[in-house]
There are 2 protein chains.
Amino acid sequence: MNKKDMAKYQARADIIKALAHPTRLFMVDQLGEGEKCVCELTDMIKADTSTVSKHLSVLKSAGLIRDDKRGTSVYYQLKVPCLKGFFGCIENVMRNNVKEQMELLK
Amino acid sequence: MNKKDMAKYQARADIIKALAHPTRLFMVDQLGEGEKCVCELTDMIKADTSTVSKHLSVLKSAGLIRDDKRGTSVYYQLKVPCLKGFFGCIENVMRNNVKEQMELLK
DNA sequence: TGCTTACTTGGTAATATAGCCAAATAGCCA
DNA sequence: TGGCTATTTGGCTATATTACCAAGTAAGCA
């Protein structure tokens, strides 16, 4: 693998890494249904506000969401609609994994 | 977020985490073009065989690839064709991030 | 101005991940 | 059998990630 390819895969990995956490996946799902402020997400997730804020900043740095401050609240929006297809793929993997577990038990 | 949802997002995250590394993304790309043995991948990646083997086992545990031992070699194959669409989505994000960087410089 | 709510940032401890070396295992062939 | 090649596993250190608390910033309002 040459240097340029390495950089390409590193850049991909950085974005995927931003998605690789249950709380952040939940956020992406929620934001897929419409913008939410930090306080709304904090309520749903039941973690410290600072924790939620940091997860959001990871998604934002990766370019997956956008923020919009209105008054004292900050609203976040999903920038990337194509993620839905991706999650479909992940669900396929999960279904298949379960299927294989079941085969083992037969 | 209730316990069941939490488990769902955790399971998704575990699979995504398996993809969240440049070397493993390279492997997935390579295996997408056809099966390869550990030694071939080791040559391409130029890391210790043990490192390559461990990356492959991460992908395998996630259910993304399958192994097939023939003689002294172990051949790995991609199990999940839908990943190609996913990478397309990630490339979109990367392109958009660059675009926004450029806007900033205008 | 001073208070309150909403959010971000810095610091820290616990945990997870990555890479290498060394050692173990497995199949092939002389 | 003994040796060779291919691969996996265990152990270790370095680094990254996560979550919380505490402190800082920012906007609205009495």
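Computed from a prediction, not measured in an experiment: that's the story for all the values here. Chain letters run A, B, ... following the sequence lines, proteins first, then strands; residues in each count from 1.
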- Task: Mind checking A:Arg24 for me? I need base, sugar-phosphate or nothing, with any heavy atom below 4.0 Å counting as a touch.
- Result: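 Sugar-phosphate, backbone atoms only, no base.
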- For the student: nearest non-hydrogen atoms of A:Gly32 and A:Lys84, plus distance: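 Looking at all heavy atoms of both residues, the shortest contact is O-NZ, 4.2 Å.
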- Where B:Ala18 and B:Leu59 come nearest, the two heavy atoms and their spacing: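 So the two residues come closest at O-CD2, 3.6 Å.
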Round to the nearest Å and state the distance from [X] atom [atom1] to [N] atom [atom2].
{"X": "B:Ile45", "N": "C:dG19", "atom1": "CD1", "atom2": "C1'", "answer": "13 Å"}
{"X": "A:Lys46", "N": "D:dA19", "atom1": "NZ", "atom2": "C1'", "answer": "17 Å"}
{"X": "B:Gln10", "N": "D:dA19", "atom1": "CD", "atom2": "P", "answer": "10 Å"}
{"X": "B:Asp14", "N": "C:dT17", "atom1": "CG", "atom2": "C1'", "answer": "13 Å"}
{"X": "B:Arg70", "N": "D:dT5", "atom1": "CZ", "atom2": "C1'", "answer": "17 Å"}
{"X": "B:Leu59", "N": "C:dT17", "atom1": "CG", "atom2": "P", "answer": "14 Å"}
{"X": "B:Leu41", "N": "C:dG19", "atom1": "CG", "atom2": "P", "answer": "14 Å"}

Between [Y] and [X], is the closest basic N to carboxylate O distance under 4.0 Å?
{"X": "A:Asp68", "Y": "A:Arg70", "value": "yes"}
{"X": "B:Asp29", "Y": "A:Arg12", "value": "yes"}
{"X": "B:Lys79", "Y": "A:Glu100", "value": "yes"}

- Query: Just to confirm, is there a sub-4.0 Å distance from OP1 or OP2 of C:dT17 to any side-chain nitrogen or oxygen of B:His55?
  - Reply: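 Answer is no, no contact under 4.0 Å.
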- Query: For B:His21 and C:dG19, is the shortest distance between a side-chain N/O and OP1 or OP2 below 4.0 Å?
  - Reply: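 Yes, such a contact exists.
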- Message: Both distances below 3.5 Å, Watson-Crick or wobble geometry, any strand: find the nucleotide opposite C:dA26.
- Response: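 Matched C:dA26 with D:dT5 under the 3.5 Å cut-off.
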Polar-atom pairs under 3.5 Å, protein N or O versus N or O of nucleotides 4-8 of chain C: list them with distances, or write none.
| residue | atom | partner | partner atom | Å |
| --- | --- | --- | --- | --- |
| C:dA6 | O3' | A:Thr72 | O | 3.4 |
| C:dC7 | OP1 | A:Val38 | N | 3.2 |
| C:dC7 | OP1 | A:Val74 | N | 3.0 |
| C:dC7 | OP2 | A:Cys39 | N | 2.7 |
| C:dT8 | OP1 | A:Tyr76 | OH | 2.8 |
| C:dT8 | OP2 | A:Ser53 | OG | 2.5 |
| C:dT8 | O5' | A:Ser53 | OG | 3.3 |

- Message: Taking B:Val93 as the starting point, is it possible to reach A:Val58 by hopping between hydrophobic residues whose side chains are less than 4.5 Å apart?
- Response: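 Different clusters: A:Val58 never reaches B:Val93 through Ile, Leu, Val, Met, Phe, Trp or Tyr contacts under 4.5 Å.
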- Message: If you apply the rule side-chain contact (heavy atoms from CB on, under 4.5 Å), what do you find for A:Ile16 with B:Phe87, and how did you get there?
- Response: CA-CA 10 Å; A:Ile16 296 172; B:Phe87 291 138; 4.2 Å; yes
